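Before any comments, here is the structure.
Please read these numbers as outputs of a predicted model, since none were measured by experiment.
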Amino acid sequence: MYDYDLLVVGSANADLVIGVERRPGAGETVLGSDLAVHPGGKGANQAVAAARLGARTALLARVGDDAYGRLLLDSQRAAGVDTVGVLVGGAPTGVALITVDPSGDNSIVVSPGANRRLMPQDVRATASLFQASRVVSAQLEIPLETVVEVVRSLADGSRFVLNPSPPRPLPAEVLAACDPLIVNEHEAKVILGDSAVGETPEDWARILLAKGPRSVVVTLGAEGALVASAEGVTRVLSVKVDAVDTTGAGDAFTAALAFKLGTGSSLADAAAYAARVGAAAVTKEGAQESFPTAAEVEAPCCADPGGDPRTPGRGSDSASGASSQGGSQ
């Protein structure tokens, strides 16, 4: 028996957000809104999203011994995440400095801080977490060598899910473990590199699959998503909602998909559920505070698929599976 449905290995940041009338040019100072501080980071976001859905979730991450680190630990525990794997110290907590203009466009500068100090030896030191986890999910806001060690530490029979964000070329050992590899259009093209041929997401998915992953999910924003495996390529419909804020919705999608795979769902069914979770997330402002509970996912606003499965998409700013109806992006 597994103690955890999902172990997330990844980043934990404090998001420092300021609204501005316009972003400053070189050498310029502008006044902005009051500073808002939110818990964030792709790893921390995914752990909270899964726990909100009812998954028994643990997080392996590193934060600083500072106020931002305590904020992140508190947010994880409030969501029901087991923080036994959250390491403290070694560097200040990672911080994302975000300015947002009235149109919603943002500029972000990230100081990785403690995220950069989550090292392979930390993975080896927490081997018991891997043995106790049905599914392990990772991203690339931590060192790539740490992700390689995660792959080497997987328990027999467990499943590895990777969202390669921010994207970079991946070693064959990591690609071969992915089941699935979850990418948007930009991430797919970076990983494909010179192999990026074809005009449709179906083309990208098939070429990615040939590079070694056991399965691939390509997220397409308002156009939904598609899943690819040895059994073929299947389109997942979008869900029509009034989009308010897309922040963190991709993390919610990945967490929901990983959780459902661990319960025995097929890849297509897990992606369809994840699309509803992503759609629910974009109907509220913020990242972690927008993540839905299982009951909210089943609400009417997120229950009915829409869109045309025959129409290939190229993605959007919204979460995969979330089709905007009059909402701002």
Between [X] and [Y], is there shared hydrophobic-cluster membership here, with clusters defined by ILVMFWY side-chain heavy atoms closer than 4.5 Å?
{"X": "Leu53", "Y": "Phe291", "answer": "no"}
{"X": "Leu175", "Y": "Leu144", "answer": "yes"}
{"X": "Phe130", "Y": "Val84", "answer": "yes"}
{"X": "Leu162", "Y": "Leu192", "answer": "yes"}

Is it true that [X] and [Y] make a salt bridge, defined as a side-chain N closer than 4.0 Å to a carboxylate O?
{"X": "Glu141", "Y": "Arg116", "result": "no"}
{"X": "Glu202", "Y": "Arg206", "result": "no"}
{"X": "Lys260", "Y": "Asp269", "result": "no"}
{"X": "Lys284", "Y": "Glu289", "result": "no"}
{"X": "Glu173", "Y": "Arg152", "result": "yes"}
{"X": "Glu28", "Y": "Arg23", "result": "no"}

Return the minimal non-hydrogen interatomic distance between [X] and [Y], and the atom names on each side.
{"X": "Pro180", "Y": "Leu261", "result": "CD-CD1, 3.6 Å"}
{"X": "Ile191", "Y": "Lys211", "result": "O-CE, 4.2 Å"}
{"X": "Gly248", "Y": "Ala287", "result": "CA-CB, 4.3 Å"}
{"X": "Ala255", "Y": "Ala49", "result": "CB-CB, 3.8 Å"}
{"X": "Ile182", "Y": "Pro164", "result": "O-CD, 3.0 Å"}
{"X": "Leu59", "Y": "Gly43", "result": "CD1-O, 3.8 Å"}

Is it true that a side-chain atom of [X] and a backbone atom of [Y] form a donor plus acceptor pair closer than 3.5 Å?
{"X": "Ser11", "Y": "Lys42", "answer": "yes"}
{"X": "Thr57", "Y": "Ala55", "answer": "yes"}
{"X": "Ser153", "Y": "Glu149", "answer": "yes"}
{"X": "Asn13", "Y": "Asp15", "answer": "no"}

So if I apply the side-chain hydrogen bond (donor to acceptor under 3.5 Å, both in side chains) rule between Arg56 and each of Asp5, Asp82, Asp3, which one comes out positive?
Asp5

Checking Asp122, Thr126, Leu118, Leu129 against Val9 for side-chain contact (heavy atoms from CB on, under 4.5 Å), the one that qualifies is Leu118

Residues, nucleotides or ligands: over 12 heavy atoms within 6.0 Å of [X] [atom1]:
{"X": "Leu35", "atom1": "CG", "value": "yes"}
{"X": "Glu145", "atom1": "CD", "value": "yes"}
{"X": "Arg168", "atom1": "CZ", "value": "yes"}

As a quick check of understanding, evaluate side chain to side chain donor-acceptor pair (under 3.5 Å) for Gln76 and Thr83, giving each step before the final call.
CA-CA 7 Å; Gln76 294 293 310; Thr83 59; over 6 Å; no

Working note: Gln288 + Asn45, criterion side chain to side chain donor-acceptor pair (under 3.5 Å); need CA distance, chi angles, decisive distance, verdict.
CA-CA 6 Å; Gln288 292 183 14; Asn45 285 350; 3.1 Å; yes

Does the side chain of Leu60 come within less than 4.5 Å of Val8's, by heavy atoms?
no

